[in-house]
Amino acid sequence: MRKTNIEPIIENVEKPIQDRLRQASCITVESALRNKVNLNIAWYDVHGEEQNQKFTISAGSVIEL
């Protein structure tokens with residue numbers, strides 16, 4: 001019988017923008033063109049390392065800060 005090494009699959013789980021906004025240390029508007037706004041939201045993880053995630057929101061969208 002042959003042993004197979006099974007390695008765990010690490011998923012990059014991206015949270016919704018509202019969750020990231022609550023954690024944000026810095027919010028940058030990267031561009032605002034043609035009814036779309038590109039945001040880069042940065043936060044610190046549990047290890048103290050800075051992480052970031054980019055979002056595109058459409059004109060008329062409402063986000064709470």
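Between Q53 and W43 there is a side-chain heavy-atom pair separated by less than 4.5 Å.
With hydrophobic clusters built from ILVMFWY side chains whose heavy atoms lie under 4.5 angstrom apart, L33 does not share a cluster with V37.
Results of the side-chain contact (heavy atoms from CB on, under 4.5 Å) test with L39 over I57, T28, L21, T56 single out I57 as the only residue that passes.
Across R20 and I41, no two heavy atoms sit closer than the pair O-CG2, 3.7 Å.
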